[in-house]
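In what follows, a structure is listed as structure tokens, so that the remarks can point back to it.
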Amino acid sequence: MKIAIIGSGYVGLTTGACFAEVGHDVLCVDNDEAKVASLRAGKIPIYEPGLEEVVAKNVEAGRLRFTNDTPEGVSFADVIFIAVPTPPQPDGSVDLRFIERVAREIAPAIDSYKVVVDKSTVPVKTGEKVAETIRRYAPEADFDVVSNPEFLREGCAVEDLMKPDRIVIGANSDRAMALMQKIYEPFVAPVLVTDINSAELIKHAANSFLALKISYINAVSAICEASGADVEKVAEGIGTDKRIGRAFLNAGLGYGGSCFPKDIAAFIAISDDLGTPFDLLKEVQRINADQLDRFIKNIRDALWVLQDKRIAVWGLAFKPNTDDVRSSVAIHLVEKLVEEGANVRAYDPKAMDKARQLPVAEKITLVDSPLEAVEEADALVIATEWPEFASVNFKAVKESMLAPLVFDGRNLLDTKTMAKLGFQYRSIGRPIIQAVSAETQAPVAATAG
Ligand code: NAD
């Protein structure tokens with residue numbers, strides 16, 4: 001099948017590469033000239049495990065190409081995927097100007113039957129608007145609009161696209177559905193066929209439910225801290241119930257990234273707009289914001305004064321295995337520490353280049369290794385759960401720090417091990433390790449007041 005992807009970012013590029021991998025002919029379009037030039041030169045502008053290899057292999061095979069020219073993409077392809085940003089507006093509703101612009105750009109170039117697929121995350125009824133817009137600018141155009149939301153997770157996007165849990169296709173035309181099924185034939189995954197509105201709604205409802213699970217366990221983590229219970233045990237106890245499931249029950253600093261915060265805000269705005277307010281999601285947002293504030297309060301309580309304290313921060317990406325720092329909680333944490341006058345020395349295995357472009361970068365020191373970050377530090381904060389942080393030499397960390405104080409915002413490390421190593425260690429919803437008892441060599445745990 002001949003496919004064009006409009007928007008070659010995290011979703012568009014990975015989707016295009018994976019379609020090419022299963023044998024389709026793909027033309028990835030982007031209006032960012034530097035991005036297209038870099039892709040043409042074999043440079044991938046994002047870090048995503050396995051992506052570079054899949055792109056290189058399919059470019060070599062001639063199945064994957066890049067262009068700035070949307071009309072070229074439209075006339076080349078039978079099916080045109082839209083994968084442009086859908087950022088939030090200040091009131092939480094979705095800014096659909098990129099989608100609307102693509103619809104206008106596509107319209108005059110439609111020269112035969114085309115399927116226009118919305119892969120971006122959009123409010124319910126956007127498909128109708130896209131169809132209306134194309135019709136307005138090209139009344140004679142022969143096309144159908146389809147919704148095919150994307151569920152990939154950054155950090156394992158290639159795997160998620162090659163082996164999805166399910167593929168959701170919302171279409172109101174058999175002709176369009178037949179082409180969509182042909183595209184997805186090589187992928188072994190259940191296909192859920194719906195109307196366009198339901199497909200659009202599935203994406204926002206799914207992300208909101210995942211965020212709800214995160215906020216639920218984070219609210220439980222606060223109760224654990226106040227009562228001396230261990231949130232990991234509680235999560236295991238409830239997560240082994242098949243009706244609940246263990247996934248997304250990891251207590252931490254809360255959700256961030258380019259999707260969850262904006263999608264939850266969008267679903268609230270959409271439901272308000274439809275006259276069916278979804279206030280439960282406002283509580284999800286409140287708990288998420290509180291979680292970071294509570295963590296910073298814990299750091300403040302331990303250090304007394306943050307002004308001029310040297311704080312090492314491990315992790316800047318919004319989650320491990322990605323270089324994406326958009327709406328990263330780790331970055332919000334750094335900003336708040338800087339606001340309070342702390343001297344932050346930060347390290348991330350993959351997100352340094354992206355972090356360097358943020359305004360906060362000028363106010364912190366970005367270093368080249370976890371050990372460099374902790375030199376003469378008053379405290380270490382783990383903000384992203386990169387697995388490699390768990391295997392750093394903690395004896396060396398302790399020797400390097402001014403005081404052995406660790407705040408683990410992602411429950412990455414083992415409490416007993418940290419106690420044995422002599423750290424004062426505070427994580428999320430788990431016992432606080434104050435020190436090792438000289439008499440018993442047993443960790444001394446204390447509950448928060
Ligand atoms: P991104 O910012 O990484 O990529 C979007 C690309 O679109 C950019 O390269 C931009 O230059 C390009 N673009 C913008 N307007 C254009 C136009 N008129 N013509 C051609 N190119 C244009 O965004 P992303 O993370 O890939 O997200 C895209 C959509 O997918 C959003 O709706 C997002 O919510 C959704 N989504 C993202 C993820 C994720 O994990 N990133 C997962 C599922 C769904």
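Keep in mind that the numbers below use all heavy atoms, side chains included, and drop hydrogens, waters and symmetry copies. Owing to the predicted nature of the structure, the values given are computational and were not obtained by experimental measurement.
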Checklist entry - Counting only N and O atoms by type, is there a donor-acceptor contact under 3.5 Å from the side chain of T14 to the main-chain atoms of Y10? => result yes

Checklist entry - If you measure from CG on L306 to NZ on K336, what distance do you get to the nearest 0.5 Å? => result 12.5 Å

Next on the checklist: Contact between T121 and P149 at the side-chain level, heavy atoms closer than 4.5 Å - yes or no?
Outcome noted: no

Checklist entry - Which distance, rounded to the nearest 0.5 Å, do you find between the CD1 of I202 and the CG of N207? => result 12.5 Å

Item to check | L161 to C18 - nearest heavy-atom pair and separation | outcome: CB-SG, 3.7 Å

Checklist entry - Does some side-chain heavy atom of V94 sit less than 4.5 Å from a side-chain heavy atom of V122? => result no

Next on the checklist: Angle between ring planes, W314 versus F389, binned at 30° and 60°: parallel, tilted or perpendicular?
Outcome noted: tilted

Item to check | Distance, nearest 0.5 Å, that separates CG of D378 from CE of M401 | outcome: 8.0 Å

Can you give each donor-acceptor pair under 3.5 Å made by side-chain atoms of residues 44-53, sequence neighbours left out, with the distance rounded to 0.1 Å?
| from | atom 1 | to | atom 2 | distance (Å) |
| --- | --- | --- | --- | --- |
| E48 | OE1 | G155 | N | 3.0 |
| E48 | OE2 | G155 | N | 2.7 |
| E48 | OE2 | C156 | N | 3.1 |
| E48 | OE2 | A157 | N | 2.9 |

Checklist entry - Is it true that a side-chain atom of T86 and a backbone atom of S120 form a donor plus acceptor pair closer than 3.5 Å? => result no

Checklist entry - Who are the salt bridge (charged side-chain N to carboxylate O under 4.0 Å, His left out) partners of R63, not counting sequence neighbours? => result none

Next on the checklist: Under the criterion side chain to side chain donor-acceptor pair (under 3.5 Å), I'd like the reasoning laid out for S221 against R294: C-alpha separation, chi angles, the key distance, then a yes or no.
Outcome noted: CA-CA 11 Å; S221 80; R294 216 159 48 78; 3.3 Å; yes

Next on the checklist: Quick check: do R426 and L405 have side-chain heavy atoms less than 4.5 Å from each other?
Outcome noted: no

Item to check | Crowding at CZ, R356 (>12 non-hydrogen neighbours, <6.0 Å) | outcome: yes

Next on the checklist: Check whether K213 reaches the backbone of G245 with its side chain - one donor and one acceptor, N or O, closer than 3.5 Å.
Outcome noted: yes

Checklist entry - Under the criterion salt bridge (Lys or Arg N to Asp or Glu O under 4.0 Å), which of K350, R326, K319 is the partner of E154? => result R326

Item to check | V329 side chain reached by Y255 side chain, heavy atoms, under 4.5 Å | outcome: no

Checklist entry - Do E372 and Y347 come within less than 4.5 Å of each other through their side chains, counting heavy atoms only? => result no

Checklist entry - If you look at every heavy atom in L413 and I382, which pair is closest and at what distance? => result CD1-CD1, 3.5 Å

Checklist entry - Is any side-chain heavy atom of R300 closer than 4.5 Å to a side-chain heavy atom of V305? => result no

Checklist entry - Would you find a donor on one side and an acceptor on the other, under 3.5 Å apart, between the side chain of T384 and the backbone of W386? => result no

Item to check | For the student: nearest non-hydrogen atoms of V325 and A351, plus distance | outcome: CG1-CB, 3.7 Å

Checklist entry - Looking at H204 and A266, what are the two nearest heavy atoms and their distance? => result NE2-CB, 3.6 Å

Item to check | Any F295 side-chain heavy atom under 4.5 Å of F407 side chain | outcome: yes

Checklist entry - What do you reckon, are the aromatic ring centroids of F19 and Y184 less than 6.0 Å apart? => result yes

Checklist entry - What do the steps show when you test R243 against D241 for salt bridge (Lys or Arg N to Asp or Glu O under 4.0 Å), and what is the final call? => result CA-CA 5 Å; R243 294 169 303 174; D241 184 328; 2.7 Å; yes

Next on the checklist: Checking the side chain of E225 only, and the main-chain atoms of G429 only, is there a donor and an acceptor separated by less than 3.5 Å?
Outcome noted: yes

Checklist entry - Which atom names give the shortest non-hydrogen contact between P387 and P320, and what distance separates them? => result CD-CB, 4.2 Å

Item to check | Heavy-atom neighbours of E388 CD exceed 12 at 6.0 Å | outcome: yes

Next on the checklist: Just verifying a value: how many Å separate L337 CG and L303 CG, rounded to the nearest 0.5 Å?
Outcome noted: 9.5 Å

Checklist entry - Counting only N and O atoms by type, is there a donor-acceptor contact under 3.5 Å from the side chain of D348 to the main-chain atoms of M352? => result no

Item to check | Heavy-atom closest contact (L316 atom, A355 atom, distance) | outcome: CD1-CB, 3.8 Å

Next on the checklist: Could you go through R430 and D230, starting from their C-alpha distance and side-chain angles, then the distance that decides it, and tell me whether this counts as salt bridge (Lys or Arg N to Asp or Glu O under 4.0 Å)?
Outcome noted: CA-CA 5 Å; R430 301 192 298 176; D230 183 336; 5.3 Å; no

Item to check | Heavy atoms of other groups near E60 CD, more than 12 under 6.0 Å | outcome: no

Next on the checklist: Check this for me: R97, atom CZ, are more than 12 non-hydrogen atoms of other residues, nucleotides or ligands nearer than 6.0 Å?
Outcome noted: no

Item to check | Residues E100 and R104 bridged, charged N to O under 4.0 Å | outcome: yes

Checklist entry - Is there side-chain contact between I82 and K119, with heavy atoms separated by less than 4.5 Å? => result no

Checklist entry - When the aromatic ring centroids of F248 and Y216 are compared, is their separation below 6.0 Å? => result no

Checklist outcome for this item: So OG1 of T240 and NZ of K242: to nearest 0.5 Å the spacing works out to 9.5 Å

Checklist entry - Hey, are D301 and K297 close enough for a salt bridge, meaning a charged N less than 4.0 Å from a carboxylate O? => result yes

